[in-house]
Participant: 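Dropping a structure here in structure tokens format, bear with me for questions.
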Amino acid sequence: MLSHIPDCIELVDYIDDGEQARHYLFRLLNLAHSKNKNHPHHWQQVQPGQFFMLNVPSIGEAPFTFTEPPNERGEFKAFIRQMGQVTSTLFSMQRGAILGARGPFGRGWPLDKIVNHNTLIIAGGCGLAPLVTLIDKLTNNSPDKPTDKLANKAKNKQQLILVYGARNKAAQMLTPERARWQKQIKIFNTLDATDEYTSTNANTRANTSDNTRANNSNELRATTVQGSPLMILPTALSTFTRPPTTALLCGPELMMSSAATYLTEHGMTSDAIFLALERRMHCALGLCGHCYIKHQYVCKSGPTFSWQALQQLKAD
Amino acid sequence: MKIYLLDDLQHLQAHLAQDYQFHQVVTNNNGQYHWQQLASDETQPLVHDKPQSSAKGFFFAEQESLLVFNGEYFQETLPTPKPFVLFGVQSCDLTAIHYQDKFFKDDRYYQARRQQCLLVGLDCINPCEHGFCPTVNAGPGVREEHADIVLHPLGHKWLVIEQTSKAAEALQALALIETHWHYLTQRDLTLHQCEQKFPDDKYITDGIKKLNSGTITDEFWQTLAIQCRGCSGCTTLCPTCSCYGTRAIKQDNNAFSQQRFWDSCLYEGFQREASFNNPSAEAGTRVERFWQHKFADEFFTEFSRHSCVGCGRCEQTCPGVIGVHSVMKRITKEGGQENGPEVTHA
Amino acid sequence: MANKLINAICPFCGVGCGIALSVDEKGKLIGVEPQPSHPISQGKLCDKGWSTAYAITDKNRLTQPLKRINHQFFPISWQEALVSIAEELTQIIEYSGANSVGVISSARATNEDNYAAQKFARAVLKTNNIDHCARICHSPTVAGLKQSLGSGAMTNSAKDIFDTDLIMVFGADPTENHSILGGHIMQAHLNGCKLIVIDPRKIRLAKLAPLHLQLKLGSNIALINAMLHVIIKEKWYDKDFIDQRCEGFEHLAKHVENITPISVEAITGLKATDIYQAAKQYSQAKRAMIFYGMGITQYMSGTNNVISLANLALICGHIGKPGTGVNPLRGQNNVQGACDMGCLPNVYPGYQNVDDEKAHEKFSNAWHTELAKAPGLTSLGMTKGALSGEFRALILFGEDPVVTDPDQNHVKSSLKNLDLLVVAELTLTETAKLADFVLPAASFAEKEGTFTNCERRVQKLNQVIAPVGQAKGDWQWLQALAKQMGSEQLNWSNSQDVFNEMTSLTPPYQAMNYQKLEDNYGLQWPCTDDSPKGTAILHSTSFPIGKARLIAVNHSDIDEMPDENFPLQLTTNRLHFHYGCGSMTRNSPLLEREIPPGILFINPIDANKLNISHQDAVSVKSRRGYLETRAIVTNDVPVGLVSMPYHFKEAPSNQLTNTAQDPITKMPELKACAVMVAALAKGQIPKTIEQLQQEPKHENLFT
């Protein structure tokens, strides 16, 4: 449903997480009349990586990703950082407030290339947010769908590794999510700031043998090192039992393009690497023009692009 | 298609002005041409001069309300215009409307206005200042699918070409007498002669080639962009520029209306995000974007034409001297290698 | 779409571009277009012009008079407002004399409004306490050019830009502040005209000009004297012109005899060879024009800076001919007109001195009343007087000195100290917030009148739409107030009446009337019986003072040099997206988006030292104030210099600037002071000045 008109949502709850960031729980108010299972409402067809436009009344709209897609009660979650006017106003709003939401928009992550494929995920800062529903799905953590077939299939065959970079400890986001994933998948955390680097556990030193051992013994725990996500990539890659066939990237564009370049230099094909982009958006309908990359609009052709497609765009 | 010969255009004007809100290009006392609504008893002779503002604002309003929120729910605010006629739209602007019709295909606000409009096109039989419509296949004669009715001047008479059923309906009560097809041949000849009168603009075709060759350097765009102050003049007057911004306008008691307004990709803040990250922070990037949007082949593929319709309004209005003629000349002269794309791929 | 398209004059800067306003069938302003045949703008507009519709159709427009009781405003009727204001004014004058009251008029208002304002002050209040903002932009121009040439206005015309061989842009940023003229300069340069830019910042034109002299702040005179030295030594001056039209050459030549380019290298920070080149190109050009702006005037040495520019043009004979001249770029749309109208404490309309016996008699007779003889207070004089309690009542319109004046804390406390402050405005500006009475003013589109642009062109303004709410044009409410005070002095029936009375008393405007202005896209003064079509080029055969005066002036240091505690130099600049205090331009969602509220330009090397990245929040502190803003890291400013625009009430640069003044014109040294810049914590949002002032810990900084 492509429209300028938002549906009403209620701000149900929020919790703080990280630097000026929160998990928000919203509830769609108009789902009561659309519970027909055979014709699911468009809000119930959200793909991981898609986004919605949040309308903060009297202030404006901005795009945000779902960290949990709408369930049949119409509840969904989003992870939101306080940045500009829209988010600052949102942060000052009380539980019970009425806002608007439009969506879902955009192309999500290419599930057919992820499920049953060894997948490397590289995220920076709040770039982890668009990956949350996906990782949840793949690790069978989707709270509302305990018997997700996709997840069961995936769980058995594929290996998933997450590299998560942040400026410093305070800038690390999505702590509860990472805590629950690290029981199932290997996570490498990197911190830019030198002074913040602390040895938090025995696996701190990132070296191949340690990690192989960790893998083998099924003791998956998070590893934290100082540096950029790029520095940990050799280790992360060698942690895979079989090389990954898909890589998903989300974070600062410079980080993503360096990582993508590294991965292609180390055996991955550019059509197996996917990036999620962030752009200023006003309509999410491919009309207002703000989110352009060359002749395409991120809100429609993206926000996820293959590295191959992006490079073609840049070469044009 | 039906063709008629008309002695007195005023007859047609008065007729249409009775059934429709009637808009036509008129001139004010300073020789400025602009669209104005006229009542059926105040019609004016048709002028052949290009209005400074194209007709795009009739469909894609400069500022308009998208929705209102009353504190409880959101409500669409679709415009409800009465049927209106744009009388004497020139081919460049008609081509732009045709382009926008595709771009705004699913935009309910645009379509609400567009569907109420009867387009009466006007063939140009003389080139206009800065205009180069033949080069970009947008004129001087009105293209077939671009108007409901086409007017073609024949000395003291007018050829009236009825192209759509909407036109047939509008003209029915007038009981015009159909005329001979050979007038269409005469029209073609006149239009051909008009095309010959346009000045040589090989630099535009060369410039388009070069723009699509990937050989223009970033430095070229950066140098050019020193002259761009992001005034929004080009994007405001360009008949195919369609970027918009949105803003909320507070009303009483938690209510607000959401408005959209013409925006410009030349503004530094156009793509800047709340985090201050800006993919097009460099003026050069933005200027390149503008010209890519007008002439890049990728858009051609999507819309079956370039978005530039050759009206030349940007040349007239750019205070930085980087309108289409100036830019294309510089692209062909300085923009990277001397020869076109053929050489660069060798 | 437009139902009507009505021609008007752009209200933003001194260029005076032709715009056409489109109005829908309900009489609502919906858009603007340029005027293709306008002699100056030729179908072009700048970003400010294009957003005119936003500027005046603001939901925050004042629609009725307001009265302040304690800290709150209450709407009242015009009648109630006029009665109260008239009563208080009369009382104050009775107890403290006419010198305790005054008027500050507006360089944004029409000539008619300004004429009415000065007449109100002089003939109704009986004081010469009348001023306007030219004090803080171009009073040194008026003073300096008057001494050197006998007339304080742009000597040539905008069209001369296309009729010259060399343009020297000196301490002005025309592409940003006078965009359309800046564009003309770019175009002329692309067509082959030589371009020299002299400015401490790498302004847009400097990026195009082959020769950019990036001089140190406040070293204008040293540079010009060295150029004079070169020109005289190399005998590149125009001997005939000097002999016939100038006096004082011998003295000037002697004065600069030892001021070689090398000797000023240290002061100016320039290479002697560049100074030599500039002197050579300027003097050797067949025709050469100088454009200058506030980089010349906003110094303690402002008047002398202007005089030395005149020296330069005079000895080369680059004056009085097409494509030459000394051309100040004036800021506000009608700053020229406000000066012409005599909204200055020392002159009547047409620059007739108030202390001149004849002029005094002329105006006393014309207005049938005895006028005050002594020159009045300047705007800074009024604020000073307000602090000490001698000056008690001020009527002010179309200005926002709390944002635009130097050392705002001083301005604010002095305005608060007044017994009566009346402000007429479009919106509730920072200054209006301090007023006892706020009157709703009509915008330029809502009234008839004339504006005089920087090339002395008087242009007719048509009323396009009805005033918002109960808003009134300035001369109309002044008239109503005068009536309320029992005076018939302002009893005109329309703006044409005002204009006609004014032309009868203002010699340079003598032969003008509304019809002639309409017919000719305006007329340039002097427009007299001898020059009924106006005058495009001044001084072509003689100067108003006979021979022009070459006056030797000396370099003097700026008042506040950087030191250990305040290691960086701060200068101010303008952004092409905004205008003045931003009260109009900032209503545009497009222009407002362009720049975060308040910015500081800083060189990458300085930024690096201070650990500041692009768009980071920073604090800026001077001896007078403290504020927070965002850093724009750019090579456009040299190492050691930071620059701030003054448009933003959230972070007004005038919290920091120096009040040291030009001794002649009292022009404050806005262009240079010393500051300390520091990074705020990452992610911190800069606090607005309002927020800062509510914090007790900063209070000591504001005393």
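Note that the structure is a prediction, hence the values are computed from the model and not measured. Chain A is the first sequence line, chain B the second, and so forth, proteins listed ahead of strands; every chain is numbered from 1.
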Participant: Would you say A:E278 and B:E273 make side-chain contact, with heavy atoms under 4.5 Å?
Facilitator: yes
Participant: Counting N and O atoms only, with roles assigned by atom type, does the side chain of B:Q271 sit under 3.5 Å from a partner on the main chain of A:Y292, one being a donor and the other an acceptor?
Facilitator: yes
Participant: Indicate, with yes or no, if the rings of A:H282 and B:Y244 have centres closer together than 6.0 Å.
Facilitator: no
Participant: What's the spacing between B:T246 OG1 and A:M53 CE if we round to 0.5 Å?
Facilitator: 7.0 Å
Participant: Pick from B:S257, B:S242, B:G245: which one has the most heavy-atom pairs with chain A under 4.5 Å?
Facilitator: B:G245
Participant: When only pairs under 4.5 Å are counted, which of A:G289, A:S58, A:P252 shares the most heavy-atom pairs with chain B?
Facilitator: A:S58
Participant: I need the A:C288 SG to B:F270 CZ distance, nearest 0.5 Å.
Facilitator: 6.5 Å
Participant: Please state whether the side chain, the backbone, both or neither of B:F69 comes within less than 4.5 Å of a heavy atom of chain A.
Facilitator: side chain
Participant: So which part of B:T301 gets closer than 4.5 Å to some heavy atom of chain A, the side chain, the backbone, both or neither?
Facilitator: neither
Participant: To the closest 0.5 Å, what do you measure between CD (A:Q312) and CD (B:E298)?
Facilitator: 10.5 Å
Participant: Does B:D107 reach the side chain of A:L287, with side-chain heavy atoms less than 4.5 Å apart?
Facilitator: yes
Participant: Minimum heavy-atom separation for B:E288 and A:K294, please, with both atom names.
Facilitator: OE2-NZ, 4.1 Å
Participant: Show the nearest heavy-atom pair for residues A:R280 and B:R272, with the distance to one decimal.
Facilitator: NH1-O, 2.7 Å
Participant: Of all the heavy-atom pairs spanning B:L67 and A:P6, show the shortest one and how long it is.
Facilitator: CD2-CD, 3.6 Å
Participant: In terms of heavy-atom pairs under 4.5 Å, which option from B:R289, B:Q251, B:K250, B:E76 contacts chain A the most?
Facilitator: B:R289
Participant: Hey, is CG on B:N254 packed in by over 12 heavy atoms from elsewhere, all under 6.0 Å?
Facilitator: no
Participant: For residues 301-310 of chain A, which residue pairs pass the side-chain hydrogen bond (donor to acceptor under 3.5 Å, both in side chains) check, not counting sequence neighbours?
Facilitator: A:Q296-A:S301, A:W307-A:Q311
Participant: Measure the shortest side-chain to side-chain distance between A:C8 and B:E72 over non-hydrogen atoms and say whether it is less than 4.5 angstrom.
Facilitator: no
Participant: Does B:F261, at its CZ atom, have more than 12 non-hydrogen atoms belonging to other residues, nucleotides or ligands within less than 6.0 Å?
Facilitator: yes
Participant: Side chains of B:Q258 and A:N55 only: does a donor on one sit below 3.5 Å from an acceptor on the other?
Facilitator: yes
Participant: Taking heavy atoms only and a threshold strictly under 4.5 Å, list by residue number the residues of residues 83-99 of chain A that touch chain B; give 'none' if the list is empty.
Facilitator: A:M83, A:G84, A:I98, A:L99
Participant: Please examine the side chains of A:H295 and B:H293, heavy atoms only from C-beta on, and report whether any two atoms are closer than 4.5 Å.
Facilitator: no
Participant: Looking at B:L66 and A:H4, what are the two nearest heavy atoms and their distance?
Facilitator: CD1-CD2, 3.8 Å
Participant: So, taking the atom named CZ in B:R260 and the one named SG in A:C283, what distance separates them when rounded to the nearest 0.5 Å?
Facilitator: 8.5 Å
Participant: Mind checking the CG-CG spacing from A:L254 to B:N277? Nearest 0.5 Å is all I need.
Facilitator: 10.0 Å
